[in-house]
Amino acid sequence: MRFEISKVLDAIEGRVCTDPSLARAVVDLAEVIRYQDIDGGRPASLLRLGMVIDALSRELEEDSVQVYAVVHRALLSDADLTSNERMVVRRWADDGLVEVLDNPGDRMLEVADLLGLPVLTRVRFDGLRGRFPWLVEQPGRVVAPVPGAGGPAFIAHVGGGHAPVAGKRSPTGAKLLARQWRCPESGCALFGGGGGGGAFADLTGGADRSPAAQPPPALRNGVPTCPRHGVRLGDGGPRPRTEVLAVRVGGLVRRRFVLSEEQPIVAGRAPEQDGGIMLGQWLNDEARRWISRGHVQFELRVGEVIVTDISTNGSGIRPAGSMTESDRVPLAPQQSRVLGENDMVELYPGVQIGRAEELPTGAPFTPTSVMAEAPTMAMRLPRP
Ligand SMILES: [Zn+2]
């Protein structure tokens, strides 16, 4: 049982991040883990984060969605969590996957404001509606996870909307995210010059955080500040540009990834390159035979996405909305092309990669649960 729970926690670990390009909602971990009514289990459980992430995945009709978790420092020693859960949260903190704060205050709303993300919370924030007008103006920006028939569902605090809705990055957010920032504290997991540290950094890759993936600084009296250390951040120059791409297989968006100017990314059945996007697990036998280990390479150059076929069998490019084979322009092995705004590259029929906002899920949606490994019993385990 214990082993299976570890596997679930590992799966949940893949769904928490502080990357402004990948996070799809903001949560307060200390709040979410105490939604006892969701499973009737023990007072606090890290598995509830997985259930809420699953619910978000169902709402957004997309697999592998990630959330930005703000974590009160006290949680690292919360006696209602198991020692294993506490260890896992500490690891996330060390790797900068979550933001740990001595006093979270309204940081969750600040992150949501800067990044334009919905907030998953039961708190109503009545006193903060002046500072964050979207709390009232945009129904769906703040939704409460509540027990539902097939797992948690979301209800809006204000108005009729029930599904979490994303807004736009605030002008301040856009400005802050145009720069990279340095924290003077050594080994800062959020704004370090190589980030990470921590015993598990080597295993998770937290040690070489790209400046393109830095979280938004906190603003204290208008000054960019490290939310963890409360000190003024140094300006490290322009942040590398990024483009968010999505992988769609069989009509379902399986994952997103961030392409930055810093380095090209290879996608294929099982790429050997660092940071490669592996598609093998979503492919049927025919697709697996057709698609090369490394099949296409993406580069971001002066704002344009260049796609190069590096496969044996070639690819095709066509408009994201198109369903007809005749729109397909072949991309021969070793050939390069600029990927137009609405274009997607097709590695094999039904296996596509394009800009995330142009590539919605277009099929009946059955998400892979992040809780897939969890035996029903695990939800009701007594505290050891
Ligand atoms: Zn710091």
Side-chain angles (χ1 to χ4, degrees), residues 13-23 25-31 49 66-78 86-117 119 169-170 172-240 242 258 260 262:
E13 178 166 309
R15 305 291 201 91
V16 286
C17 74
T18 49
D19 186 330
S21 303
L22 292 176
V26 192
V27 297
D28 177 347
L29 192 63
E31 182 195 340
L49 175 63
Q66 294 183 294
V67 297
Y68 193 117
V70 169
V71 179
H72 194 296
R73 187 164 182 76
L75 201 72
L76 303 183
S77 50
D78 190 325
R86 286 195 296 271
M87 190 190 74
V88 166
V89 178
R90 262 182 234 127
R91 188 170 78 212
W92 296 353
D94 284 348
D95 293 343
L97 297 177
V98 297
E99 197 176 296
V100 177
L101 305 164
D102 292 321
N103 173 21
D106 52 18
R107 175 62 177 163
M108 180 165 60
L109 293 187
E110 182 182 52
V111 171
D113 182 65
L114 296 173
L115 301 185
L117 294 175
V119 187
R169 280 181 184 176
S170 68
T172 310
K175 233 159 97 183
L176 288 172
L177 292 168
R179 315 294 298 175
Q180 48 179 307
W181 302 95
R182 302 239 177 281
C183 179
E185 291 286 323
S186 70
C188 178
L190 300 174
F191 298 97
F200 296 87
D202 291 348
L203 297 176
T204 62
D208 39 42
R209 176 182 203 120
S210 150
Q214 278 186 349
L219 278 180
R220 304 249 172 103
N221 302 318
V223 176
T225 304
C226 176
R228 171 72 194 93
H229 297 108
V231 292
R232 187 191 192 116
L233 293 170
D235 186 334
R239 184 184 292 236
T242 57
V258 180
S260 90
E262 298 169 291

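We count ligands from 1, going down the list as the structure has it; atoms in each ligand are counted the same way. Atoms considered below: every heavy atom in the structure, side chains included; atoms not considered: hydrogens, waters and symmetry mates.
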Tell me, do [X] and [Y] make a side-chain contact under 4.5 Å, heavy atoms counted?
X	Y	value
W181	C226	no
L177	P216	yes
V16	V67	yes
V119	V111	no

(request) Provide the closest heavy-atom pair for L114 versus P217 in the form atom of the first, atom of the second, distance. (result) CD1-O, 3.5 Å
(request) Enumerate the protein N/O/S atoms at a distance below 2.8 Å from the Zn ion (ligand 1), ignoring waters. (result) C183 SG, C188 SG, C226 SG, H229 ND1
(request) Output every pair passing side chain to side chain donor-acceptor pair (under 3.5 Å) with a member in residues 211-234, not counting sequence neighbours, ordered by first then second residue. (result) none
